[in-house]
Amino acid sequence: MVIKTNLPPNSENLEKILKISRTASWKIFGKKIRFYAPSFTHYQNHYFHSSSIAFQSISITGNSCSQNCKHCGGKILRSMISTPTPDTLFNVCKNLKAKGCTGCLN
Ligand code: SF4
């Protein structure tokens, strides 16, 4: 769905555009927010703990990242399952689903 306004997208209209967007989002999706925690690191607090299988992190570029951000340098990819081809991606996802995985981050 595309939300259109007649307002030019500039800083003067930012608050109005945000309000229109927020209202449309709440109308379409409601006010409930879902958070997913990738499995490459463990989270645990009083309300939530991550699962090592429920939401797997997959890299379709293996350990290679063309962005090479300063803070990461592609290191995070080493913690992900490498699926360099469409076939490996499909098979990995199929096997993960059979083990109880409910989603993945690509
Ligand atoms: S954060 Fe890491 S994996 Fe993500 S784009 Fe930057 S270097 Fe690549």
Side-chain angles (χ1 to χ4, degrees):
M1 171 177 269
V2 176
I3 307 297
K4 293 183 177 177
T5 74
N6 294 327
L7 299 169
N10 56 38
S11 58
E12 284 178 28
N13 293 323
L14 180 62
E15 287 300 323
K16 290 177 192 167
I17 293 170
L18 285 174
K19 186 175 181 185
I20 291 167
S21 302
R22 184 181 318 111
T23 302
S25 175
W26 286 350
K27 186 176 176 187
I28 296 167
F29 302 111
K31 292 185 177 179
K32 197 178 229 178
I33 299 175
R34 290 176 188 250
F35 294 94
Y36 293 92
S39 58
F40 59 76
T41 189
H42 182 73
Y43 302 91
Q44 184 165 356
N45 63 29
H46 188 66
Y47 307 100
F48 174 81
H49 67 86
S50 59
S51 157
S52 61
I53 192 69
F55 202 82
Q56 288 291 311
S57 302
I58 295 171
S59 172
I60 59 171
T61 60
N63 291 339
S64 175
C65 179
S66 61
Q67 298 299 312
N68 201 25
C69 301
K70 245 183 187 177
H71 68 280
C72 172
K75 287 183 195 134
I76 199 165
L77 299 176
R78 294 182 211 150
S79 65
M80 299 180 182
I81 300 169
S82 177
T83 58
T85 67
D87 284 344
T88 55
L89 175 62
F90 180 82
N91 288 326
V92 163
C93 288
K94 190 175 167 187
N95 290 335
L96 288 171
K97 185 176 181 189
K99 292 177 184 173
C101 184
T102 56
C104 62
L105 169 71
N106 280 312

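Whatever order the structure lists them in is the order used to number ligands and atoms, beginning at 1. None of the values given here were measured: they were computed from a predicted structure.
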Where ligand 1 meets Gln67 - atom numbers and elements under 4.0 angstrom, heavy-atom basis: 5 (S)
Just which atoms of ligand 1 are under 4.0 Å from any heavy atom in Cys65? 3 (S), 5 (S), 7 (S), 8 (Fe)
Would you say the side-chain atoms of Ser57 pair up with the backbone N or O of Leu105, donor to acceptor, closer than 3.5 Å? no
Derivation of the side-chain contact (heavy atoms from CB on, under 4.5 Å) call for Cys93 and Ile58: CA-CA 9 Å; Cys93 288; Ile58 295 171; 3.9 Å; yes
Would you say atom 2 (Fe) of ligand 1 has Cys69 as a near neighbour, meaning an N/O/S atom of that residue under 2.8 Å away? no
Keeping the roles fixed (side chain from Asn13, backbone from Pro8), state whether a donor-acceptor pair exists under 3.5 Å. yes
Donor-acceptor pair, side chain of Thr83 and main chain of Thr88, under 3.5 angstrom: no
4.5 Å side-chain heavy-atom contact, Met80 and Ile76: yes
With heavy atoms only and a cut-off of under 4.0 Å, state how His71 meets ligand 1: side chain, backbone, both or neither. side chain
Sub-4.0 Å protein heavy atom next to atom 3 (S) of ligand 1: yes
